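The next block holds one structure in the form of C-alpha cells; read it before the comments.
Quick caveat, the model's predicted, so the values are computed rather than measured. Both backbone and side-chain heavy atoms feed into the values below; hydrogens, waters and symmetry mates do not. Counting starts at 1 for both ligands and their atoms, in listed order.
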Amino acid sequence: MRYLYSFFSVLLFCSFSAFAQDATIGKQKYQDCVSCHSIKPGENLLGPSLFGIYGRQAGVAAGYRYSNALKNSGITWNEDSLNRYVANPQGLIPGGRMPYSGMPDANDRKALIAYLITLK
Ligand code: HEC
C-alpha cells in the first residue's frame with residue numbers, strides 16, 4: 001500500500017511539473033501576443049485583456065469593442081477553441097478582427113495555453 005502511495009505521488013508530481021514547465025515555455029510564447037494583449041484585468045490594448053480568458057465566453061471583456069463575428073461566435077475559451085484560434089484566428093472566426101497570422105507549432109500552442117490557464 002505504501003508503495004502504491006509513493007507511486008501515485010511521483011505520478012502526480014510529474015504531471016504537475018510537466019504543466020509548470022509548459023507554462024514557463026508558454027510565457028515565452030506569449031511574446032507573440034503581448035503587443036496587443038495585456039494580462040492585467042480590465043486593461044484593453046489593441047486587443048482585449050486576456051486576464052481570466054480560460055473558461056470565459058468569447059467577446060465579454062468589459063469595455064472592449066469586439067467584431068460582431070467574435071461577439072456572436074458562441075465560443076467558450078477552452079483548450080480546444082484556444083488551440084484552434086491561436087493556430088488560425090480567421091479559420092475559427094471568419095470575419096474576426098485579430099490581426100495575427102497564427103502559431104504553427106502544436107507544442108508551442110500547447111505551452112502557450114498552459115500559460116493562459118494561469119492568468120486568473
Ligand atoms: C496585432 C494584435 C494582436 C496580436 C499579436 C494578437 N491578438 Fe488576440 N486579439 C486581437 C484583437 C484586435 C482581438 C479582437 C478580435 C475581434 O474582435 O474579432 C483579439 C482577440 C483575442 C481573443 C478573444 C478574446 C475574448 O475576450 O473573447 C483571444 C483569446 C486572443 N485574441 C488571443 C491571442 C493570443 C493567445 C495571441 C498570441 C498568440 C494573440 N491573441 C495575438 C489582437 C491581437
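From the protein, the heavy atom lying nearest to atom 26 (O) of ligand 1 is Y66 OH, 2.6 Å. Ranking protein heavy atoms by distance to atom 37 (C) of ligand 1, first place goes to C33 SG, 1.9 Å. Protein heavy atom closest to atom 23 (C) of ligand 1, with residue, atom name and distance, is W77 CZ2, 3.6 Å. Considering only non-hydrogen protein atoms, atom 5 (C) of ligand 1 sits nearest to D32 O, 3.3 Å.
Atoms of ligand 1 lying under 4.0 Å from at least one heavy atom of A58, given by number and element, are 27 (O). In the vicinity of L70, heavy-atom distances shorter than 4.0 Å reach the ligand 1 atoms 15 (C), 16 (C), 18 (O), 23 (C), 27 (O). For ligand 1 and S67, the ligand atoms under 4.0 Å from any heavy atom of the residue are 16 (C), 17 (O), 18 (O). Distances below 4.0 Å separate heavy atoms of G47 from the following atoms of ligand 1: 10 (C), 11 (C). Contact atoms of ligand 1 toward G96: 18 (O) (distance under 4.0 Å to a heavy atom of the residue). Set against the non-hydrogen atoms of L46, the atoms of ligand 1 under 4.0 Å away are 2 (C), 12 (C). Each of the atoms 26 (O) of ligand 1 lies under 4.0 Å from some heavy atom of R56. Every atom of ligand 1 with a heavy atom of Y85 under 4.0 Å away is listed here by number and element: 20 (C), 21 (C), 22 (C), 28 (C), 30 (C), 31 (N).
Nearest-residue assignment for atom 7 (N) of ligand 1 (options H37, R97, Q31; heavy-atom criterion): H37. Of the listed options C36, G26, S35, C36 places a heavy atom closest to atom 43 (C) of ligand 1. Here the shortest heavy-atom distance to atom 32 (C) of ligand 1, taken over N44, L45, L50, belongs to L50. For atom 27 (O) of ligand 1, the candidate residues are P99, G59, S81; the nearest heavy-atom contact is made by G59.
The side chain of Y100, and not its backbone, has at least one atom closer than 4.0 Å to an atom of ligand 1 (non-hydrogen atoms only; side chain from C-beta on). With a 4.0 Å cut-off on non-hydrogen atoms, P48 touches ligand 1 through its side chain and not its backbone.
Proximity of L112 to ligand 1 is established by a heavy-atom distance of less than 4.0 Å. Between Y64 and ligand 1 there is a heavy-atom distance shorter than 4.0 Å.
By the neighbour-count criterion of 12 heavy atoms within 6.0 Å, atom CD of E43 is densely surrounded, having more than that number from other residues, nucleotides or ligands.
Contact record, W77 with I93: CH2-CD1, 4.2 Å, taken as the closest heavy-atom pair. The heavy-atom pair separating D22 from A114 by the smallest distance is CB-CB, 3.7 Å. In terms of heavy atoms, S73 sits closest to A58 at OG-CB, 3.7 Å. Y66 and R97 make their closest contact through C-NH2, 3.5 Å (heavy atoms, listed as atom of the first residue, atom of the second, distance).
Checking side-chain atoms of N78 against main-chain N and O of R56 turns up no donor-acceptor pair under 3.5 Å. In this structure, the side chain of Q90 engages the main chain of G96 through a donor-acceptor pair within 3.5 Å. Here the side chain of R109 pairs no donor or acceptor atom with the backbone of V86 at under 3.5 angstrom.
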request  = Decide yes or no on side-chain contact (heavy atoms from CB on, under 4.5 Å) for I39 and F51, but give the supporting numbers first.
outcome  = CA-CA 5 Å; I39 58 171; F51 177 84; 5.5 Å; no
task = Go through the steps to decide whether L112 and Y30 satisfy the test side-chain contact (heavy atoms from CB on, under 4.5 Å), and finish with yes or no.
result = CA-CA 6 Å; L112 173 68; Y30 191 76; 4.0 Å; yes
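Not a single N or O atom of Q57, backbone or side chain, sits closer than 3.5 Å to an N or O atom of ligand 1.
Atom CD1 in I75 sits 9.5 Å away from atom CG in D80 (nearest 0.5 Å). Taken from CG in L50 to NZ in K40, the straight-line distance is 13.5 Å, to the nearest 0.5 Å.
Using a 4.5 Å cut-off between side-chain heavy atoms of Ile, Leu, Val, Met, Phe, Trp and Tyr, with links allowed through other members, L45 and Y115 fall into different hydrophobic clusters.
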